Amino acid sequence: MKLTFGTVGAIKAKLADGAPADVVIMTDEAMKEMARQGAVVEGSWTAIGRTGIGVAVRDGAPSPTSAARRR
């Protein structure tokens, strides 16, 4: 078994270029896009987890302004 890791964008590019893959793990939106391009079979995926993203600041650093949070 050969595993290939990369950002969603990198994996999408490889699939779009015709790279072979038995299993792909990426976001639901990316799967839908790849299905539209014919790189994966429409509806063949299932959710296997959730991820969260957050922001932290170093101890003593100023907190970002609300305007910076919206970017």
Side-chain angles (χ1 to χ4, degrees):
M1 178 185 309
K2 179 183 176 191
L3 301 176
T4 302
F5 295 89
T7 63
V8 171
I11 299 298
K12 283 173 39 179
K14 288 181 181 200
L15 289 173
D17 286 343
D22 294 319
V23 175
V24 179
I25 299 173
M26 64 175 73
T27 65
D28 189 55
E29 286 304 313
M31 290 288 198
K32 290 176 185 175
E33 182 179 338
M34 292 292 92
R36 285 190 294 272
Q37 294 181 27
V40 299
V41 177
E42 176 70 43
S44 66
W45 56 88
T46 187
I48 60 170
R50 290 179 180 235
T51 61
I53 191 166
V55 176
V57 296
R58 189 180 323 206
D59 188 30
S63 294
T65 65
S66 59
R69 289 182 205 142
R70 285 188 237 122
R71 287 188 205 155

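Side chains included, hydrogens not; waters and symmetry mates left out as well; all remaining heavy atoms used. Worth saying up front: this structure is predicted, and the values here are computed from it rather than measured.
- Val55 meets the side-chain contact (heavy atoms from CB on, under 4.5 Å) test with no other residue; sequence neighbours excluded.
- Within the hydrophobic cluster formed by Ile, Leu, Val, Met, Phe, Trp and Tyr side chains joined at under 4.5 Å, directly or through other members, Val57 stands alone, with no partner residue.
- The salt bridge (charged side-chain N to carboxylate O under 4.0 Å, His left out) contacts involving residues 35-63 comprise nothing, where partners must be two or more places apart or lie in separate chains.
- A pairwise comparison of heavy atoms in Met31 and Val40 identifies O-CG2, 3.6 Å as the closest pair.
- Within the structure, salt bridge (charged side-chain N to carboxylate O under 4.0 Å, His left out) contacts touching residues 7-25 (residues at least two apart or in different chains) are Lys12-Glu33.
- Here Ile53 is tied to no hydrophobic group at all, with no ILVMFWY side chain closer than 4.5 Å.
- The side-chain contact (heavy atoms from CB on, under 4.5 Å) check on Ala39 picks up Leu15, Met34, with sequence neighbours excluded.
- Taken from CD1 in Ile11 to OG1 in Thr4, the straight-line distance is 6.5 Å, to the nearest 0.5 Å.
- Nearest heavy atoms, Phe5 versus Leu3: CE1-CB, 3.8 Å.
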